[in-house]
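Lettering follows sequence order; numbering is per chain, from 1.
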Protein chains: 2
Amino acid sequence: MEDTSIKELVDSYINLTFSIEKNSVQLIKGQIRNDLTNDQHYILRYINQKEECTSSELAEVFHVKKSAITAIIERLWKKGFIQRTRDEQDRRVVYLTLTDDGKDLFQETELRIYQLVGSLINQFDQDEIEVFMKTYEKLNRIILATKEEMLGE
Amino acid sequence: MEDTSIKELVDSYINLTFSIEKNSVQLIKGQIRNDLTNDQHYILRYINQKEECTSSELAEVFHVKKSAITAIIERLWKKGFIQRTRDEQDRRVVYLTLTDDGKDLFQETELRIYQLVGSLINQFDQDEIEVFMKTYEKLNRIILATKEEMLGE
DNA sequence: AAAAATGGTTCAATTGGTTAACCATTAGCG
DNA sequence: CGCTAATGGTTAACCAATTGAACCATTTTT
């Protein structure tokens, strides 16, 4: 492949990614209760699907420092969506879980997000979806590999 | 398609998107000078490729309020990357352009981002890329249409 | 000429992020 | 055993990004 077409390809990819990302964020925000941000919902999701979830784990998955997680958890805790329980075996550890309120809010919001994303996906046909997801997964693997390579494992 | 497989599909899509997005942001951040954020670079890019760029336009494209743009532009202006010139025809309007420093910084950073994205894309073969980009474009169109539909055109 | 709309800015408040210092607790090792 | 790492989490100072509301200056509309 010559340089010009690679250049154009990268160009399209960057522009498409930008557009899809910005507009998706907006669409998702439309499904989330007004006093919660998208990332706050994603954090509820992560805690919900984890058996035992800690701040350190969240910091790693969300690619931010632990102190940032502390602040976010504090806000969600103040709103009554999250519980903190100390591990009695290792008293440094604090486990995060959703309260009943937190679970209710999460389920309700998640349903709406699933309906939204489902309605987007439904506009593609089976073949398209399969091929796309396969490449999308490969892209994910390549990005992860590149990241580990660049940031030193 | 039955509900369970749609549910799984939406699940994979959401998780993949999350992972790709978070990790891409990190990779891109690695290509950008330390005193600039990713979005600041994207704003330099947008201004660079536009003939005449205004705050209102940026606010629309980046899906934030004009006051947020004012703040970002102010920071970029303080660093000497951006110029503001009043339109003498319509004295309400302020045109944004890159200074020479801004252009230099932008070109240099953009080159590194293109190399990064190019190296990712190069790990796919021609067919994969073509099919993926086609579906990716369709996804973009569908998201835009859905957005207009939901937010009332 | 008066009223409405437009393009930008300012300001207070909230959220999210970093760095650095710190506390409590546990793990490792001579 | 006891001192030193290391670990998990919090706190505080600081900055960037964002919103909403009020506002200024300048067109546009009526």
Report task. Have a look at B/T37 and say if it touches a base, only the backbone sugar-phosphate, or nothing, with a 4.0 Å heavy-atom cut-off. Result -> sugar-phosphate

Query raised in the report: Within the distance-only criterion (no hydrogens, no angle test), does the side chain of B/E60 pair as donor or acceptor with the backbone N or O of B/S56 below 3.5 angstrom?
Result: no

Requested in this report: Look up atom OG1 in A/T99 and atom CG in A/D104, then write down how far apart they are to the nearest 0.5 Å.
Outcome: 8.0 Å

Report task. Using the six-membered ring wherever Trp is involved, compare the ring planes of B/F132 and A/F132 and label them parallel, tilted or perpendicular (cut-offs 30° and 60°). Result -> parallel

Requested in this report: To the nearest 0.5 Å, tell me how far A/I82 CD1 sits from A/I47 CD1.
Outcome: 3.5 Å

Query raised in the report: What residues join A/L144 in its hydrophobic cluster, counting side-chain heavy atom gaps under 4.5 Å, either direct or through other members?
Result: none

Report task. For A/A68 and for A/D90, find the nucleotide of DNA chain C with the closest heavy atom, then tell me which residue's nucleotide is more 5'. Result -> A/A68

Requested in this report: Could you tell me whether the side chain of B/R92 has a donor or acceptor atom within less than 3.5 Å of a complementary atom in the base of C/dT6?
Outcome: yes

Report task. Could you list the residues that satisfy side chain to side chain donor-acceptor pair (under 3.5 Å) with A/K22, not counting sequence neighbours? Result -> B/D39

Query raised in the report: Does atom CG of A/D35 have more than 12 heavy-atom neighbours, drawn from other residues, nucleotides or ligands, at distances under 6.0 Å?
Result: yes

Requested in this report: Mind checking A/E74 for me? I need base, sugar-phosphate or nothing, with any heavy atom below 4.0 Å counting as a touch.
Outcome: nothing

Query raised in the report: With distance as the sole test, does A/S24 use its side chain to make a donor-acceptor pair with the main-chain N or O of A/I20 at under 3.5 Å?
Result: yes

Query - Worked verdict on B/Q83 versus B/L96 for side chain to side chain contact (heavy atoms under 4.5 Å, CB included) - result: CA-CA 6 Å; B/Q83 252 172 339; B/L96 305 169; over 6 Å; no

Query raised in the report: Looking at residues at least two apart in the chain, or sitting in another chain, which of them share a side chain to side chain donor-acceptor pair (under 3.5 Å) with A/N48?
Result: none

Report task. At the 4.0 Å heavy-atom cut-off to chain B, mark where contacts on DNA chain D begin and end, going 5' to 3'. Result -> D/dA16 to D/dT27

Query raised in the report: With the threshold set at 4.0 Å, does a side-chain nitrogen-carboxylate oxygen contact exist between A/E128 and B/K134?
Result: no

Query raised in the report: In Watson-Crick or G-U wobble terms, both distances under 3.5 Å, what is the partner of D/dC15?
Result: C/dG16

Query raised in the report: Is A/I72 touching bases, backbone alone, or none of the nucleic acid, heavy atoms closer than 4.0 Å?
Result: sugar-phosphate

**Report entry** Residues within residues 75-89 of chain B bordering DNA chain D, heavy-atom distance below 4.0 Å
**Finding:** B/R75, B/Q89

Query raised in the report: Does D/dA5 have a Watson-Crick or wobble mate here (both distances under 3.5 Å), and if so which one?
Result: none

Query raised in the report: For DNA chain D, what residues of residues 48-66 of chain A have any heavy atom nearer than 4.0 Å?
Result: A/T54, A/S55, A/S56, A/K66

Query raised in the report: 5'-most contact on DNA chain D: B/I69 or A/V94, nearest heavy atom basis?
Result: A/V94

Requested in this report: Mind telling me if D/dA16 is syn or anti? Syn here is a glycosidic angle within 90° of 0.
Outcome: anti

